[in-house]
Structures are given as structure tokens and as C-alpha cells.
Amino acid sequence: MNNYTRRNLKGQTLLRHRNVSVVIERINVDGPITKREIVNKTGISFAKVNTITSMLSNQGITVEIGKEESNGGRPSSLFNLNPNYRYTIGCQLSHTRIHTIVGNLKGEILFEEMKHYDKSIGKEAVIALLLNSIETLINNSGISKDKFLGVGVAIAGLFNPNNEMTFPFPHLVNWGHVSFKEIIAEKFDLPCYVSNVANAGALAELNYGEGKGKNSILYLNVGSGLGLGIIFDGKLYQGVSGTAGEFGHISIDEHGPLCECGNYGCLEALASTRAVVKQAKTQIKQGVSTALLTMANEDIEKINFNMICEAASNSDKLAYNLIDMMGQNIGEGIVTLVNLLNPERVILGGTIMCASDLLINQITNIVQKRALEIPRRNMDIVFSKMGNYAGTIGSTIPIIERFFQYQVNE
């Protein structure tokens, strides 16, 4: 075989692989879909689409789910992705909890487990807890290990996609650099993909949530921290070193409280759920009357953000004022994002969801008053329907994308 023939065969193989990936992507995104619709949307010939769909069906990757409505001719078969052909494991390591799921190829959660931790237990103990969560879920799922494509981990901290290491966490400064990818891949002999929680949440919203069908979205993850995932032209933007979106560490008050990053007056130190709880405790110690103490059985340390949301909904003055100020601060931050980045949609998610009804009007009013007219007119602000789950679900998306683009041809 001469070199020209080898190059020609290699080119044909690459083209065939590309066609398979394109067809399965269309079935995944647009299914149920007919072969003719796939041809129209991809430009691939009907003969090739027919061959590919037959191959995918024979392998069980796609399924025929019936026929389209007939307009007089022979009705065409409808194809859809078989979401349970393979499975993924997703993890979210937040400031105080580890959320682990088993998901399918559609990002649907089949099994899950939540574990809370205190950072004082140390790095090794937290990593051991994460590994135990993954192992427990694999064992309890009853799914054969060879059916898992990989493990996705979303970290509430900085992650460099260039060297795949986490930076020292702002809230865990003694951890140093950690290679979660290497630790998990070695433990479970499965590919591991690591991302930032806000970036993972943005991918989840783009693929399954409030960002579906949008090209430019901003996902604001508001919990004990405050992160931002940026989608430009349908793709995640991470910046040169993977730290784009550290929106919570923009200083908005130089005389404000000290943030765990070492700066003063960061948005996270003023408008995160942890900051609001801290403000509540401070005001109670100063003698401000509130129902929160009764709700916490007179133990001020038991007060949490959910209690504040509930008290605010019941017209508790302290709680309502705290949520109102939180909305103002977040709204002012979004004004900067709207003016700077001109998104189609801003999506709010995370622990903040319990206050969505209380916050939406305040946030929207601030943006309407202060953002520039042109970018403001072309965007909207919504709350996620995924709540705290977006980051965990989003952590599995790189695994699924790799399967569709490469592994399906194997």
C-alpha cells in the first residue's frame, strides 16, 4: 500500500468518524428525529445517514421510538438517544458538602448522595470522603463498572485546565495544589474531568436548562461562595489560565468586610449566603429582635440561610432586610456584567434558590434602573430550575461530549 492510499484511507476514516459524531449529536439534541431531518440538518447524504443510524441502533446507542405522523406517504421512523446506554458519575465539592450522582447520557440523575463536612477535618479527610462517596454510589447503583464512562468533579475553587490542577482554595488556603483528576483516575481506573462549579453549572444550563437555545449566557452560582460561568457563542469561556468568572472577588466596597481571598469588600463577602448568615448573627448579637432565634431553638450558631429565607417570607423585619440588601448587591453586580458582556440571559442558581421569589424583583429593578439601555433591552434574568444540582450535573457533560465525539466510534 503506497503513501497516497494510506493517507486516503486515513482521511476516509476521519470523515466517517466525524459523520458518526455529527449524526449522534443531532439525534441527542433534536431527537426524536427522522433520517430525512438528519440529512437536512447535517448535509450528510441519506445513504450515509441510513448506514450510521443502523449502526447506532444495532449497538443500542439509539432507539427507534415509533413513526412520525404521515402526510399521505410512508411514515418515517423516529430515532432517539438511548440515555441509559452508558452512565456517568458526577461530583460537586462545595465549601461544606459533597454531592455525588450517577447520571445517564441525558444528564438525568438516577442515584445521588449528599455528605456534609467541616473544612477543619483537613484535606486528606475531605478527599477520602469524596472517594468514599463515589465508591459507595457505584456499589449501590447496581450498574456494572464497565458501563461508566468516567467521573466528573466540579470544584468550588480555582482550576487550571492547562495543567489540570486546582489552585489553593480561597477558603482552604492550606490545601495547596491538588490533582483531583490523578487521584480519582488512579483510584477507580476511570477517566476523570475536573471543572469549576460555576463553569459546570453554566454547561448544565446550556445543555439542559434555562440556557438551552441561547448562545451567550451567564450563570451565577450563589451559595456560600459566588462564582460565574460564562458561555460565549455556545462555548464555555475560561480565560488564559482557567480563572475567568471569579465574579465574587470583585471588590465593591473598599471599607467592607474581609473576604477569605484576602481582599476587602468582595461581592462574595457581602452577598453570598454565608455572608448573609454572618450578618444576621452580628445583628442579633447587637440586640436586633427577630424570629430567627426561636427558629434556631435559641442557639444562634444553628441559624442558616434557609431559616433566613423562611423568616423573610413570614415578614420578619431583620431577615427581610438582609435578603433585600443581598438582592441589591447581586443586582449591582449583574449591572456590571450586563454592561461589560452583553449576554442574552443571566441565570441565577445555587443555594440562593430558596430566596428566588424574594430576590427576583429587587435584582430586576436594580438592573432596569442602572444597566445601559441597549444591553439591558436584549437580555433577561431568570432563576435556574436545577437549584443546587446544576454544578453536579454539569460536571458530567465533558464526559458525555467526549463519548459522542470520539468513543462512539470505538
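What you are looking at is a predicted structure, and each value in this text was computed from that prediction instead of being measured. Quick note: residue numbers are just sequence positions, from 1.
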Residue pairs, two or more places apart or on separate chains, that pass side-chain hydrogen bond (donor to acceptor under 3.5 Å, both in side chains) and touch residues 144-158: Ser144-Asp146

Exam field: side chain Asn58 to backbone Ser54, donor-acceptor pair closer than 3.5 Å: yes

All pairs passing ring pair (Phe, Tyr, Trp, His ring centres under 6.0 Å) where residues 187-219 contributes a residue, at least two apart: none

Residue pair Ile38 / Phe79, side-chain heavy-atom distance below 4.5 Å: no

For the student: nearest non-hydrogen atoms of Thr351 and Asn388, plus distance: N-OD1, 2.8 Å

Crowding at CZ, Phe111 (>12 non-hydrogen neighbours, <6.0 Å): yes

Plane angle bin for Phe403 and Tyr85 - parallel if under 30°, tilted between 30 and 60°, otherwise perpendicular: tilted

Within-4.5 Å side-chain heavy-atom neighbours: Val346 and Ile217: no

Donor-acceptor contact below 3.5 Å, side chain Ser21 vs main chain Phe404: yes

Gln368, CD: over 12 other non-hydrogen atoms inside 6.0 angstrom: yes

Flag if over 12 foreign heavy atoms under 6.0 Å of CZ, Phe232: yes

Any pair counted as side-chain hydrogen bond (donor to acceptor under 3.5 Å, both in side chains), so long as it reaches residues 292-313, sequence neighbours left out: Lys281-Glu301

Heavy-atom neighbours of Asn139 CG exceed 12 at 6.0 Å: yes

Ser76 and Lys67: side chain donor to acceptor below 3.5 Å: no

Under 3.5 Å donor-acceptor, Thr364 side chain and Asn361 backbone: no

Asp316 side chain vs Ala319 backbone, donor-acceptor pair below 3.5 Å: yes

Glu108, CD atom: more than 12 neighbouring heavy atoms under 6.0 Å: yes

Short side-chain donor-acceptor distance under 3.5 Å, Glu344 and Asn215: no

Sequence neighbours excluded, every pair satisfying salt bridge (charged side-chain N to carboxylate O under 4.0 Å, His left out) that has a member inside residues 373-396: Glu210-Lys385, Arg345-Asp380, Glu373-Arg377

Heavy-atom check, side chain of Val126 versus side chain of Leu130, under 4.5 Å: no

Side chains of Ser395 and Gln92, donor plus acceptor under 3.5 Å: no

Nearest atoms (heavy-atom pairs only) where Leu322 meets Ala280: CD1-CB, 3.5 Å

Partners meeting salt bridge (charged side-chain N to carboxylate O under 4.0 Å, His left out) with Lys115 (sequence neighbours left out): Glu113

Residues that Ile183 engages under side-chain contact (heavy atoms from CB on, under 4.5 Å), provided they are two or more places apart: Ile127, Leu131, Val178

